[in-house]
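Below: the structure, in structure tokens.
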2 protein chains.
Amino acid sequence: MSRRKSGTATSHDVARVANVSQALVSRAFTGNGRIAPETRERILKAAEQVGWQPNALARSMVTGDAPLVAVITTRLNFDWRAQVLSRLLKAIQEWHLKPLLFYAESDAEVDRLLEEALSWRARGVIVTAGVVRENRAAAIIEKGQFLVALNRPANHEKGFSVATDNPLGGRMAAGLFLEEGRRRLLVLGGPQGSWAPSLRAEGFSEAAREAGLHAAIWNNDAMSTEAGRACAERLLALPGSEQPDAVFATNDAMALGFLDGLRGHRSIPDDIALIGFDNLPAADWPPYRLTTFEQPLEEMMRRLIAHVDVHGDGHLGGQTDDQQPQEESEPRARLIHCKPKLITRMTAGKTE
Amino acid sequence: MSRRKSGTATSHDVARVANVSQALVSRAFTGNGRIAPETRERILKAAEQVGWQPNALARSMVTGDAPLVAVITTRLNFDWRAQVLSRLLKAIQEWHLKPLLFYAESDAEVDRLLEEALSWRARGVIVTAGVVRENRAAAIIEKGQFLVALNRPANHEKGFSVATDNPLGGRMAAGLFLEEGRRRLLVLGGPQGSWAPSLRAEGFSEAAREAGLHAAIWNNDAMSTEAGRACAERLLALPGSEQPDAVFATNDAMALGFLDGLRGHRSIPDDIALIGFDNLPAADWPPYRLTTFEQPLEEMMRRLIAHVDVHGDGHLGGQTDDQQPQEESEPRARLIHCKPKLITRMTAGKTE
DNA sequence: CTGAAAGCGCTTACAG
DNA sequence: CTGAAAGCGCTTACAG
């Protein structure tokens, strides 16, 4: 007769109703250990009558293994972040774990959240926002949890990172522009110090440099459509001699805003070719028809899942101790790069 | 020396290092009970050295109160659903609970997920997808958990539902069209039997009927931009006498696709006025400038939070038993309707 | 096939 | 201020 959660029955209550020991109730639900089919039926019936089902917390405690995975995420703004989370939730659901979400309002919070996540003794943690400090990464790995970083470094040799090959995307964009004979290159970058956008910009710049060209970079704190529009205005104000003829936007939001800002002032792709990154749904809409890169979400998820499985946390809660270096299907690669896929539309590249 | 989770220390290990009883370790971390400041310091240091922090599962078990809230969600497709989840995660984080997510691939799964959710003995469950069966709703409430349904019925007198006032939105849209002298009305509806879209359509139809007009309805299974485009084609194929002069799309995705489909064939709003629903970011983009309704997300969250607080699950884990009918600030209203806000842009309404 | 008992890792009265 | 003990709700050897 505990005072809190008065409505909640326990396995003892069920045992009483079914006229069996409490242990049998447990067996009826776990399927472990012998139990007569008819007893089991009786117990199931009693449980339903009482409205009871095993307490997952208690189960996790006693088995020493909670079917949880911590997911660090942040604001789901207009962005491919929602797609990632959606796909991630689905995958986690499919392998019968429960995602415990940690929402970081800013990158600074991520470390604290990671610490909190640890206290739930989850199977592991998937980081889709912010930065993983090396200490923290080590603490997670030491506890036997897996650590997966999406589109960011894992900062630990036993951590795992799946990322789009951002530099390659940049190089491909530059390559396409060069092939078309474009010479005056501009990239719409992200904030200083950002990971993915900077790598995209660098890949682009490098390829340009190798062709003996220089790519200007305009950094943007927000990477929003507004930022893209602002860049368009800035471009329109440039003297004719400095006008770029090819622009690589390190994300689609900026590219779309940029297109809107240029509308009526420049002919695309004749005056200016444009390539974005992300392949947002809007990139395919008639007013935009943006040539852009699709991030290989499905492949990334496959790799992620493969890693987690190898780690020993297979579908049905395998053991957690895998000391021996058995990295079979995923041979020791801790940083997986997945190739972005160029989607050619109107704003750059030959349209078929 | 348990075999599993070998890396994980317990409070006993910390006690040993700090040379105190295990109970004191607990006190050092909970802050409950007397403890000498210097002992506390010593324990904290020992814990850090050992790399230990309280096991949240164990704590939840013994206190009989897990700081969890179950959230039922589904595919985060291009949609306001991501916004809702984002805002929800933030709110849950702010009141120091952890969201345990349940991802429903289809509405049919929702009931099963709800059952699973129950096993975690969470404070409550927030449903943002699918339908809550009455039985299940009752089971949840009986267990002392709160039940909040977002934009759908809670199906229980003690459940709580926050929704946009969808019929009102429909009425407002119709009102605006009528005021402009439009007479040939069409609504782009959702799937048969959908909740929110149907209510929007009904509100619209009713208002039209009251004005002695009939509104045609075209149902759409997908409510996507593609569906909107298809509707545009269908409209263009209509004989001139049946051409509508005002269209109410029950979501923005369809409205945007519809605009794209009409582009070059009809003049908006001269030939056809259009109103959407959701106020997606793209509704404000130059090629669209869609008049639409903003769903009052912030207000909905405020009401939701107020309900949960009243329910007794305040910020820092208050007691769960609140039998007395103390519905102070939220006087007994179980279904809260929040007014949608008309955002007037180019496609309908007088622009200032 | 079934039951009594130990134990998971904590928190919290209850004594000192 | 501190410690020994009981107990949270289960699962799982271990005996019968």
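Just so we're on the same page: letters track the sequence lines, and every chain starts at 1. Quantities reported herein were computed from a predicted structural model and do not represent experimental measurements.
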In whole Å, what is the span from the [atom1] atom of [X] to the [atom2] atom of [N]?
X	N	atom1	atom2	result
A:F29	D:dT12	CZ	P	15 Å
A:N19	C:dT2	CG	P	12 Å
A:R34	D:dA13	CZ	P	14 Å
B:N32	C:dC10	CG	P	16 Å
A:E41	C:dC1	CD	P	15 Å
A:I35	D:dT11	CD1	C1'	13 Å
B:M61	D:dA6	CE	P	17 Å
A:L57	C:dT11	CG	C1'	15 Å

Side chain of [X] (C-beta onward), nearest among [options]:
X	options	result
B:Q22	C:dC1, D:dC8, D:dA5	D:dA5
B:N55	D:dC10, C:dG9, C:dT12	C:dG9
B:A23	C:dG9, D:dC1, D:dA5	D:dA5
B:R27	D:dA5, C:dA13, C:dG7	C:dA13
A:T10	C:dT11, D:dC10, D:dT2	D:dC10
B:T39	D:dC10, D:dT2, C:dG9	D:dT2
B:V20	D:dT11, C:dT12, D:dG3	D:dG3
B:L24	C:dT11, D:dG3, D:dC10	D:dG3

Query raised in the report: Do you know the tightest heavy-atom contact between B:Y103 and A:S86?
Result: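 Here B:Y103 and A:S86 meet closest at CE1-O, 3.7 Å.
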Return no unless some side-chain N or O of [X] is found under 4.0 Å from OP1 or OP2 of [N].
X	N	result
B:W120	D:dG9	no
B:S60	C:dC10	no
B:R121	D:dC10	yes
B:S11	C:dC10	yes

Requested in this report: Write down the partner of C:dA15 under the Watson-Crick or G-U wobble criteria, each distance required to be under 3.5 Å.
Outcome: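 D:dT2 - that is the nucleotide pairing with C:dA15, both distances being under 3.5 Å.
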Query raised in the report: Hey, is CZ on A:R75 packed in by over 12 heavy atoms from elsewhere, all under 6.0 Å?
Result: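 Atom CZ in A:R75 is not crowded, with 12 or fewer foreign heavy atoms closer than 6.0 Å.
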Query - Residues A:Q22 and A:S11: side-chain donor-acceptor under 3.5 angstrom - result: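 Looking only at side-chain atoms, A:S11 and A:Q22 do form a donor-acceptor pair, the distance falling under 3.5 Å.
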Query - A:E115/A:R136 salt bridge by N-O under 4.0 Å criterion - result: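 A:E115 and A:R136: salt-bridged.
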Requested in this report: Taking only Lys NZ, Arg NE, NH1 and NH2, and the carboxylate oxygens of Asp or Glu, determine whether A:D65 and A:R123 approach each other closer than 4.0 Å.
Outcome: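 Salt bridge flag = yes for A:R123 with A:D65.
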Requested in this report: Describe the nucleic acid contact of A:T30 in one word from base, sugar-phosphate, nothing, applying a heavy-atom distance below 4.0 Å.
Outcome: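 Counting heavy atoms under 4.0 Å across all strands, the contact made by A:T30 is with sugar-phosphate only.
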Query raised in the report: Taking the nucleotide of DNA chain C with the closest heavy atom to each, which residue, B:R59 or A:S21, is nearer the 5' end?
Result: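 It is A:S21 whose nearest nucleotide is closer to the 5' end.
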Query raised in the report: Which distance, rounded to the nearest 0.5 Å, do you find between the OG1 of B:T39 and the CG of B:L44?
Result: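 Going from the OG1 atom of B:T39 to the CG atom of B:L44 covers 11.0 Å.
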